[in-house]
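Step one of this worksheet: look at the structure below.
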Amino acid sequence: MSYKYSLPKSGASKADVLKRLDAFTEMEPDMLHGRMTSYAMRGDEALQDVVHESFSRYFGHNALVRRYFPGFMQIEEEVISTVSSLISGGVDGIVTMLTSGGTESNFCGAHAAREWAKENLPHIKEPEIVAPYSIHPTFAKGCHYLGIKLTRVPLTDECRGDPEAIAAAISENTIGLAGSAPCWPHGLYDPIDKLAAIAKERGLWMHVDACVGGFMAPFVERAGYPVPPWDFRVPGVMSVSGDAHKYGYAAKPLSTINFRSEDLLQYHYVHPKEWPSSRYMAQAFSGSRPAGSTASLWGAFNYLGEEGYVDLARRAMENKQKLVDGIAAIDGLKPWNTDLTILVYGSDEIPVEQISGGMGKLGWPPAGTLEPPLMHLVIDAATEEAVDLYLRDLRLVVEKIKAGEDIEEGSLSYVD
Ligand SMILES: *Cc1c(COP(=O)(O)O)cnc(C)c1O
């Protein structure tokens, strides 16, 4: 056999297995330096402890066959209803389905739009969805799998979705529009109210990708910060995806797809009947799902309560402001005025790739945006511990670049 790795002939002791695993985890970026990346979406360590233990209680249970587990059914009912109440923005009748992640949630939004269009726009044979250029690649993936053409429209100068250009891009095959709240690359909200108004007027579906913002925005708003309109309070919005495993602080994999009504939910369901075993009913696209993720969200909901989530949101926004002020004070750097807890900054004077390279050398996992070149930070409450260190290192790196030191360029891409 010519495979690089294969199953060891005989097993090892638990202690030995764990020791070897620990050697791997020691290779990962430390928590402190991870505080500016997706590691940040953990709240704080005391919360993570609750999340971890809650997951463990349901470690071996499969949420697909929840009918065997009356206790878990109760947990899931509480979680689903609580998510509906959060994402609804106070509107009644919202229904929530649990999924394995934003990818699946966006897939489900596009799928429901397609099935709805078969009934409501029956003349369309080659469905198309129109969205801003910054729409997440997972939405493009979903459309691809579903045979939907995704038309991505250039952004405005300030990198938001452009309602006029989007309206102009609607064709006779368009079944719906989509927008982000906020988008990942720039941390900015698309004008969801304007896009939804266009969709409503033209009789189209409107999907909102609130994967990263969905579990943060409700609490940022309650903490007293302005949040652009994005949820079901906006007339015309029909589906919203929101990731529980981001700012819901749940253990991965857990996300949600939310529909405006039971009527729209009917376009989501695919329940094949013909099978020797039974009618097959799963919540969404994936079959077996870890009950532990749902239990972990239940743990976070009940450990934090509304006050706990609002407190974490407020602290995250304060950390972002400290970083914005600190970065703005460094000559040549330009932090953007982003909407929520993603922060980006660029420079007209120094190559951002060199900042990424320099910061990477100092242990900050490189992450950025390519169009335009930006450094990309993801902030939460515990980012606090890293703010001063980050700014100190950033000042150092920028000084070196300005002094003409040869700094190796780093990556600005996110997942590659
Ligand atoms: C994270 C994210 C996704 C994808 O979510 P996964 O859980 O990684 O599948 C989709 N859209 C946006 C805006 C995101 O931030």
Side-chain angles (χ1 to χ4, degrees), residues 36-42 51 83 87 96-111 113 129 131-146 150 152 155 159-161 177-192 195 206-218 220 227-228 230-231 237 239-258 283-286 289-290 293-294 296-297 316 338-344 365 367-371 374 376-380 413-416:
M36 304 283 173
T37 68
S38 350
Y39 261 31
M41 295 183 279
R42 294 164 55 88
V51 166
V83 172
I87 306 264
T96 299
M97 296 281 117
L98 301 179
T99 74
S100 63
T103 305
E104 187 182 352
S105 297
N106 279 338
F107 175 90
C108 290
H111 170 260
I129 292 179
Y133 182 67
S134 54
I135 196 86
H136 202 272
T138 56
F139 192 74
K141 252 173 97 173
C143 287
H144 178 83
Y145 286 129
L146 290 159
L150 177 64
R152 292 157 81 228
L155 306 174
C159 285
R160 293 184 200 261
L177 307 182
S180 309
C183 74
W184 185 264
H186 313 116
L188 296 173
Y189 276 61
D190 289 321
I192 299 298
L195 298 182
M206 177 70 209
H207 174 74
V208 178
D209 178 357
C211 279
V212 65
F215 281 83
M216 180 53 103
V220 169
V227 176
W230 64 278
D231 58 21
V237 168
S239 56
V240 175
S241 41
D243 284 353
H245 63 207
K246 286 181 180 159
Y247 288 116
Y249 310 116
K252 283 173 273 303
L254 190 67
S255 175
T256 67
I257 178 72
N258 305 270
Q283 285 219 14
F285 188 45
S286 51
R289 286 184 297 122
S293 301
T294 307
S296 79
L297 184 59
T338 58
D339 289 310
L340 224 57
T341 44
I342 288 176
L343 169 59
V344 295
T369 295
L370 295 164
E371 303 173 46
L374 296 167
H376 185 281
L377 307 180
V378 183
I379 317 276
D380 87 349
S413 56
Y414 216 88
V415 180
D416 55 8

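This one's a predicted model, so the numbers in the text were calculated from it and none came from an experiment. Both ligands and their constituent atoms are indexed starting at 1 by order of listing. Numbering starts at 1 and runs along the sequence shown.
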Atom [atom1] in [X], atom [atom2] in [Y]: separation rounded to 0.5 Å?
X	Y	atom1	atom2	result
Ser239	Ile87	OG	CD1	12.0 Å
His207	Phe139	NE2	CZ	5.0 Å
Ile135	Ile129	CD1	CD1	9.0 Å

Q. Counting heavy atoms only, which of His136, Met41, His245 comes nearest to atom 10 (C) of ligand 1?
A.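 Comparing heavy atoms across His136, Met41, His245, the nearest one to atom 10 (C) of ligand 1 lies in His136.
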**Q.** Exercise: identify the closest heavy-atom pair between Ser180 and Ser134
**A.**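 Closest pair (atom of Ser180, atom of Ser134, distance): OG-O, 4.4 Å.
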**Q.** N or O pair under 3.5 Å between Cys211 and ligand 1
**A.** no
Q: Ignoring angles and geometry beyond distance, decide whether Asp243 reaches within less than 3.5 Å of ligand 1 through its nitrogen or oxygen atoms.
A: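 Yes, there is a polar N/O contact under 3.5 Å.
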Tell me the protein heavy atom at minimum distance from [atom], and give that distance in Å.
atom	answer
atom 6 (P) of ligand 1	Gly102 N, 3.4 Å
atom 11 (N) of ligand 1	Asp209 OD2, 2.7 Å
atom 9 (O) of ligand 1	Thr103 OG1, 2.5 Å

Can you name the atoms of ligand 1, numbered from 1 with element, that are less than 4.0 Å from a heavy atom of [X]?
X	answer
Val212	15 (O)
Gly101	7 (O), 9 (O)
Asn106	10 (C), 11 (N)

Q: Anything under 30° is parallel, anything over 60° is perpendicular, the rest tilted; go ahead and classify Tyr247 against Tyr249.
A: perpendicular
Q) After noting the C-alpha distance and the side-chain angles of Thr369 and Trp184, does the key distance pass the side-chain contact (heavy atoms from CB on, under 4.5 Å) rule? A) CA-CA 9 Å; Thr369 295; Trp184 185 264; over 6 Å; no
Q: Report yes or no: does Lys252 have a heavy atom closer than 4.0 Å to ligand 1?
A: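 No heavy atom of Lys252 comes that close to ligand 1.
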Q. Hey, does Lys246 sit under 4.0 Å from ligand 1 if you only count heavy atoms?
A.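 True for this residue.
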**Q.** Criterion side-chain hydrogen bond (donor to acceptor under 3.5 Å, both in side chains) against Ser241, the qualifying member of Thr99, Asn106, Thr103
**A.**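 Answer to the side-chain hydrogen bond (donor to acceptor under 3.5 Å, both in side chains) test with Ser241 among Thr99, Asn106, Thr103: Asn106.
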Q) Does the pair Thr96 and Asn258 meet the rule for a side-chain contact (heavy atoms from CB on, under 4.5 Å), with working shown? A) CA-CA 4 Å; Thr96 299; Asn258 305 270; 2.7 Å; yes
